[in-house]
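Because the structure is a prediction, the values reported are computed rather than measured.
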Amino acid sequence: MDDPDPGVLHVSIPLKQDGHGIAGSLTVALASGPDNAAAIEKSAALLAVAAKEIALQARKDAPE
């Protein structure tokens, strides 16, 4: 399989909708490798928090 971005790791977290559908995702591209493991882990955790906040806000803003 070809690697379109050698040395780059793409981290994606789904944006979930009510009813368990996926509305999209939040994605970052970071340099891969053991020297960047902490940044990759922190970015994944921050994306997960952001995705949850976006989902909560979308529920608040949804028409009833």
Side-chain angles (χ1 to χ4, degrees):
M1 182 181 332
D2 290 334
D3 185 356
D5 293 324
V8 176
L9 175 70
H10 296 263
V11 178
S12 293
I13 302 291
L15 294 174
K16 296 181 180 178
Q17 294 177 316
D18 288 337
H20 308 290
I22 303 297
S25 65
L26 298 179
T27 304
V28 294
L30 303 164
S32 63
D35 294 342
N36 208 23
I40 292 167
E41 186 174 328
K42 185 174 182 177
S43 294
L46 290 171
L47 284 177
V49 169
K52 286 179 185 176
E53 289 296 321
I54 290 169
L56 287 172
Q57 189 63 45
R59 281 188 207 110
K60 287 182 186 177
D61 294 343
E64 294 185 27

Exercise. Do the side chains of V11 and T27 get nearer than 4.5 Å, heavy atoms only?
Worked result: no
For this session: Check whether any side-chain heavy atom of K16 lies under 4.5 Å from a side-chain heavy atom of I22, and answer yes or no.
Result: yes
Side-chain donor-acceptor distances from residues 49-58 under 3.5 Å, at least two apart:
residue: Q57; atom: NE2; partner: D61; partner atom: OD1; Å: 3.1
residue: Q57; atom: NE2; partner: D61; partner atom: OD2; Å: 3.3

Seminar exercise, completed: So CG of L47 and OG of S12: to nearest 0.5 Å the spacing works out to 8.0 Å
Output a table of donor-acceptor pairs, distance under 3.5 Å, between side-chain atoms of residues 29-44 and any protein atom two or more places apart or on a different chain; print 'none' if there are none.
residue: S32; atom: OG; partner: G7; partner atom: O; Å: 3.2
residue: N36; atom: ND2; partner: A31; partner atom: O; Å: 2.7
residue: S43; atom: OG; partner: A39; partner atom: O; Å: 2.9

